[in-house]
Amino acid sequence: MSKLLSPAKTEVLFMGNEAIARGALEAGLSVAAGYPGTPSSEVIENLATVTKERKLYVEWSTNEKVALEVAAAASFAGLRSVCVMKQNGVNVASDFLLHLAASGTRGGIVLVTCEDPGALSSVNEGESRYFARMLEIPLLEPADFQEAKDLTKWAFELSEKIRNIVILRSVTRMSHASGNVICGKLPDKSGIARFIYDGLITDPLRGPVISTPVVIKHTLQQEKVKKAVELFEDSPFNKYFGPRHPELLIITSSVCFLYSQEAISMLGLQKRVGILKFGCTWPLPTKLLKKYLRLTDKIMIVEEVLPFLEENIKVAVVGMLKEIGIKTFYGKMDGTLPSVGELNADLVVHALGKIMKVKYKSLPGSYTREIKKIAPLIPERELTFCPGCPHRASFWSINNALQLDGRGGFVCGDIGCYAMAALSPAIGFNTVRTLHSMGSGTGLASGFVKLNAFGLEKPVLAVCGDSTFYHAVIPALINAQHNRADITFIVLDNAGTAMTGFQPHPGLAVSAMGESVPAVDIPKICSAIGAKVAISDPFDLEGTSRTLTSLIAESGSLKVLILRQICALSPEKKGKKKFLMQVNEELCLGENCGCNRLCTRIFRCPALTWDQIKKKAAVDEVICAGCGVCYSICPQKAIMRTEAAE
Amino acid sequence: MRDKRMKMSLAKNPMNIIITGVGGQGNVMASRVLAGMLVNAGYFVTIGETFGMSQRGGSVMSHLRVSSKSALSPQIPQGRADIIIALEPVEALRVLVKYGNPDVAVLSNSRVVYPIGVITGDFTYPSLDEIESALEKLTAHHWLIDATAAAVELGNPVLGNIVMIGALVNTAMLPIDCRAFEREITKDISADKHKLNLAAFDAGAKMI
């Protein structure tokens with residue numbers, strides 16, 4: 001039996017995302033939709049494993065906006081639904097979200113956003129908390145693993161009480177951390193979908209679901225927000241921990257609660273510092289806030305990235321100054337805590353120690369001196385494409401083709417593992433020059449080629465992965481064709497959403513629920529748009545370079561190259577070597593070859609190493625994935641490959 | 001005592017454990033197995049992990065915090081590790097200089113995975129002697145074992161993580177035993193792999 005279906009009262013170790021999934025199940029969830037993105041993917045992944053047992057419909061949608069629309073339909077029909085995404089996914093979904101919050105909802109619906117302060121697995125540390133305020137949607141933030149489950153369950157109840165969507169925000173250190181959770185009851189389910197629409201347009205429960213008449217619906221929405229605040233005032237998820245008369249009050253939310261608790265205990269300040277932890281962070285319950293602000297004059301706000309909580313507290317305080325008096329605030333606005341990157345207990349200790357004038361007992365001087373001596377011995381370990389990764393081969397050929405072309409062409413990058421070609425330029429052989437949001441590479445490329453009228457006469461390439469193609473590239477591609485942007489567009493098709501763990505996407509014949517579905521064909525879409533389309537295997541370096549070189553040379557219209565090779569980590573490939581690789585030491589000329597160690601200085605495969613003693617290339621068999629590509633790069637033909645036995 | 005299951009007690013409460021290695025070495029799996037054993041033994045376990053982009057050939061780390069009282073911050077404060085388990089020796093040092101203290105114990109695999117910068121010649125990898133001597137200076141106890149060689153002997157280098165768990169259990173630093181491992185491993189791994197994992201565990205246990 002799946003751990004997700006553990007009986008009530010059992011205690012299990014849940015990852016934050018599993019706890020969120022369990023909370024949704026305990027709320028009687030019927031429909032879940034999302035788009036994969038670290039650190040959010042495991043919520044949908046886990047729900048997808050129990051669709052039969054819990055009578056769920058679960059899908060990976062093409063993008064976050066569509067996912068939210070799919071989830072909203074269930075809510076309109078009276079069922080409970082969840083929509084899951086990473087922080088920047090909320091930007092994608094935001095246009096629909098604005099209108100959804102205005103139209104109101106029926107069955108409980110929760111938007112779960114898992115965010116990435118410090119950008120541990122993102123190219124941004126965007127914040128969706130501001131969407132809650134901007135679009136007037138109640139916001140909940142769990143502070144530990146038990147709460148991740150309990151608050152998710154309550155979010156559905158809240159949504160149904162106010163008849164509007166609720167946002168539940170997690171962060172990497174919650175979603176991808178694990179802790180003990182005591183399970184609650186899984187309800188018997190009897191959800192029947194009924195969409196009622198024959199009432200008046202102004203009747204939010206029986207009329208058609210729309211956001212107009214705007215003033216009437218907006219007034220209703222604001223009344224819902226007020227109702228949410230009333231519920232927040234008495235919510236057990238907002239709680240004070242600490243002495244009756246603290247010298248300093250920490251106000252915090254999310255995983256920062258755990259950092260604050262730990263910092264207080266590391267500094268031994270349990271009797272001097274209290275914590276007011278908010279699980280309901282927008283709108284702030286001001287009566288509750290006022291009660292605890294009265295405890296002391298010194299307030300420290302601990303939160304990650306931007307000062308959202310701090311701003312909201314300060315605005316609320318202005319309205320209660322007469323009653324509570326003047327306070328001193330410590331937070332991001334005065335520089336007590338950084339407003340970039342993630343926090344941890346150490347950063348809170350540092351800030352808290354300064355305010356409370358307490359010194360943290362650090363390591364003995366002799367030990368730190370040893371550390372200082374040893375630290376320089378440790379070589380940096382850069383990120384790189386995995387051994388056997390098709391992207392390394394693809395960028396190798398892209399670089400070769402651009403060199404052959406000789407006009408100084410460049411590549412606009414996109415979001416996926418292949419983003420590393422931009423993050424660490426040597427990995428992409430210094431070809432990728434821009435990297436932004438999903439699908440942006442193609443839009444940027446079509447903008448760049450239009451600059452030839454202004455003197456920028458270089459071939460421009462764009463790359464994207466297969467999942468990204470469906471998510472946001474298609475409109476940019478149509479735009480390129482329609483406006484005669486003669487970019488060379490390359491799909492790095494590795495047959496899955498590889499970076500986030502091989503979730504299926506519309507190009508595959510299987511759904512999130514494991515059912516067989518029609519695969520949407522990338523070459524056919526590109527052909528239908530009117531592009532010239534070629535397909536190649538990136539492991540065939542010679543063929544790929546040749547095809548690409550001729551595509552780049554053609555001008556006047558959109559050109560598409562689809563590079564197809566399954567990801568080395570995919571379940572069908574992982575651990576299976578196609579070739580056994582070996583370096584023929586007699587043929588390898590080492591430093592004297594004249595190739596500048598193409599294999600071990602330029603190609604950058606972790607399995608292709610340099611024998612310091614023999615001064616020759618060597619294959620690390622433990623790491624080698626057996627893709628055989630390096631066989632083609634050695635000018636001496638010293639890297640040998642033999643077919644591996646099945 | 002929170003739970004009657006807690007037969008053996010923790011030498012430290014909380015006990016801070018870091019499992020480190022290179023992406024692809026089975027770091028996450030090792031941390032899940034170890035955490036599962038400790039939860040079965042009745043403890044609160046908080047695991048902090050990063051995966052996604054960070055696993056692509058880079059350094060990876062899991063923080064395990066074992067407590068009889070409550071959930072803790074998923075990140076261990078600097079200088080506060082009690083046990084470091086490294087699937088790669090230079091990763092042991094990388095974690096040690098940030099989280100080490102005079103009382104820390106380190107169990108490290110001796111099998112090297114060269115960083116790209118070392119392969120290209122931009123950086124130098126320390127010699128095994130230098131690593132030993134650093135461990136000597138920065139730890140209270142340390143073990144350097146060739147877990148990968150033992151795993152290769154069993155037919156799959158990725159079993160190195162389980163070899164390390166076997167070795168860890170035999171250091172007796174944690175309140176878990178071989179039977180706890182057996183119970184945990186039958187939960188998450190398909191039956192045909194049980195034997196192999198148990199063999200890897202035993203091979204590790206013999207190395208201590």
Side-chain angles (χ1 to χ4, degrees), chain A residues 11-13 15 38-39 120-122 144-146 172-174 176-180 255 258-259 261-262 266 344-346 349 362-364 367 370-371 373-375 377-387 417 419-420 423 426 499-500 569 575 597 600-601 604 606 608-610 620 622-623, chain B residues 22-24 31-32 35-36 39 43-54 56-59 63 71-80 90-91 93-94 96-98 100-102 111 113-126 130-131 134 137-138 148 152 156-158:
Chain A
E11 186 170 340
V12 278
L13 185 71
M15 194 201 281
T38 314
L120 298 159
S121 208
S122 304
D144 66 25
F145 309 98
Q146 185 68 43
T172 303
R173 300 296 184 184
M174 170 70 61
H176 279 179
S178 307
N180 298 48
V255 76
L258 296 175
Y259 301 152
Q261 261 193 334
E262 179 128 23
M266 282 163 77
N344 53 44
D346 292 302
V349 161
S362 50
L363 297 166
Y367 193 80
E370 280 303 333
I371 284 181
K373 275 191 242 163
I374 288 160
L377 292 178
I378 304 166
E380 201 183 308
R381 194 181 291 279
E382 296 164 80
L383 295 183
T384 180
F385 292 134
C386 304
C417 286
M420 283 195 291
L423 301 175
M499 168 129 264
T500 50
L569 298 183
R597 280 173 51 191
T600 49
R601 263 195 200 121
R604 289 178 172 250
L608 205 47
T609 65
W610 182 251
D620 185 333
V622 168
I623 306 171
Chain B
V22 178
S31 80
R32 294 279 162 81
V39 170
Y43 294 100
F44 278 102
V45 179
T46 311
I47 318 176
E49 250 155 9
T50 47
F51 39 88
M53 195 135 68
S54 47
R56 306 298 186 242
S59 310
H63 288 195
L72 290 157
S73 145
Q75 295 181 78
I76 294 169
Q78 294 190 15
R80 292 275 182 125
V90 96
E91 296 312 313
L93 297 191
R94 198 185 310 282
L96 201 48
V97 297
K98 191 164 178 194
N101 57 70
R111 179 59 153 76
V113 178
Y114 289 110
I116 286 294
V118 170
I119 296 173
T120 60
D122 295 332
F123 306 125
T124 313
Y125 196 96
E130 283 175 303
I131 292 170
K137 283 174 189 146
L138 293 180
T148 305
V152 168
N156 193 347
V158 90

With a 4.5 Å limit on heavy-atom distance, are the side chains of [X] and [Y] in contact?
{"X": "E382(A)", "Y": "T120(B)", "answer": "no"}
{"X": "S178(A)", "Y": "T46(B)", "answer": "no"}
{"X": "Y259(A)", "Y": "Q75(B)", "answer": "yes"}
{"X": "S73(B)", "Y": "N344(A)", "answer": "no"}
{"X": "L608(A)", "Y": "I119(B)", "answer": "no"}

### Message
Please classify the contact between T148(B) and chain A as side chain, backbone, both or neither, with a heavy-atom cut-off of under 4.5 Å.
### Response
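The side chain, not the backbone.
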With only heavy atoms counted, which part of V45(B) is less than 4.5 Å from chain A, the side chain, the backbone, both or neither?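 For V45(B), the contact with chain A is made by backbone and side chain together.
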message: Counting heavy-atom pairs under 4.5 Å with chain A, which one of H63(B), Q78(B), K98(B) comes out on top?
response: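 Max contact count across the listed options: Q78(B).
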*For P77(B), what residues pass the side chain to side chain contact (heavy atoms under 4.5 Å, CB included) criterion, not counting sequence neighbours?*
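Partners of P77(B) by the side chain to side chain contact (heavy atoms under 4.5 Å, CB included) criterion, ordered by chain and then number, come out as E262(A), M266(A), A345(A), D346(A), R65(B), R80(B).
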- Message: For V158(B), give me all partners under side chain to side chain contact (heavy atoms under 4.5 Å, CB included), at least two apart in sequence or on another chain.
- Response: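 Once residues adjacent in sequence are excluded, the partners of V158(B) under the side chain to side chain contact (heavy atoms under 4.5 Å, CB included) criterion are N156(B).
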Report the distance from atom [atom1] of [X] to atom [atom2] of [Y], rounding to the nearest 0.5 Å.
{"X": "L96(B)", "Y": "I374(A)", "atom1": "CG", "atom2": "CD1", "value": "7.5 Å"}
{"X": "D620(A)", "Y": "Y114(B)", "atom1": "CG", "atom2": "OH", "value": "9.0 Å"}
{"X": "F145(A)", "Y": "I47(B)", "atom1": "CZ", "atom2": "CD1", "value": "8.5 Å"}
{"X": "S59(B)", "Y": "I378(A)", "atom1": "OG", "atom2": "CD1", "value": "10.0 Å"}

Among P364(A), A426(A), P379(A), P387(A), which has the most heavy-atom pairs under 4.5 Å with chain B?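 Heavy-atom pair counts peak at P379(A).
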Would you name the heavy atoms of [X] and [Y] that are closest together and state the gap between them?
{"X": "P126(B)", "Y": "L377(A)", "value": "CD-O, 3.4 Å"}
{"X": "A35(B)", "Y": "L13(A)", "value": "CB-CD2, 3.5 Å"}
{"X": "L138(B)", "Y": "Y367(A)", "value": "O-OH, 2.7 Å"}

Criterion side chain to side chain contact (heavy atoms under 4.5 Å, CB included) on D122(B) and E380(A), from CA distance to verdict: CA-CA 10 Å; D122(B) 295 332; E380(A) 201 183 308; over 6 Å; no
Is chain B contacted by the side chain of [X], its backbone, both, or neither, given a heavy-atom distance below 4.5 Å?
{"X": "V622(A)", "value": "both"}
{"X": "R597(A)", "value": "side chain"}
{"X": "L363(A)", "value": "side chain"}

- Derivation of the side chain to side chain contact (heavy atoms under 4.5 Å, CB included) call for K137(B) and K373(A): CA-CA 11 Å; K137(B) 283 174 189 146; K373(A) 275 191 242 163; over 6 Å; no
R381(A) side chain to V113(B) backbone, donor-acceptor under 3.5 Å
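At least one qualifying donor-acceptor pair exists.
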### Query
Would you find a donor on one side and an acceptor on the other, under 3.5 Å apart, between the side chain of R601(A) and the backbone of G121(B)?
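Not a single qualifying donor-acceptor pair exists.
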task: Could you give me the CA-CA distance, side-chain angles and deciding distance for R32(B) and M15(A), then say whether side chain to side chain contact (heavy atoms under 4.5 Å, CB included) is met?
output: CA-CA 10 Å; R32(B) 294 279 162 81; M15(A) 194 201 281; 3.1 Å; yes
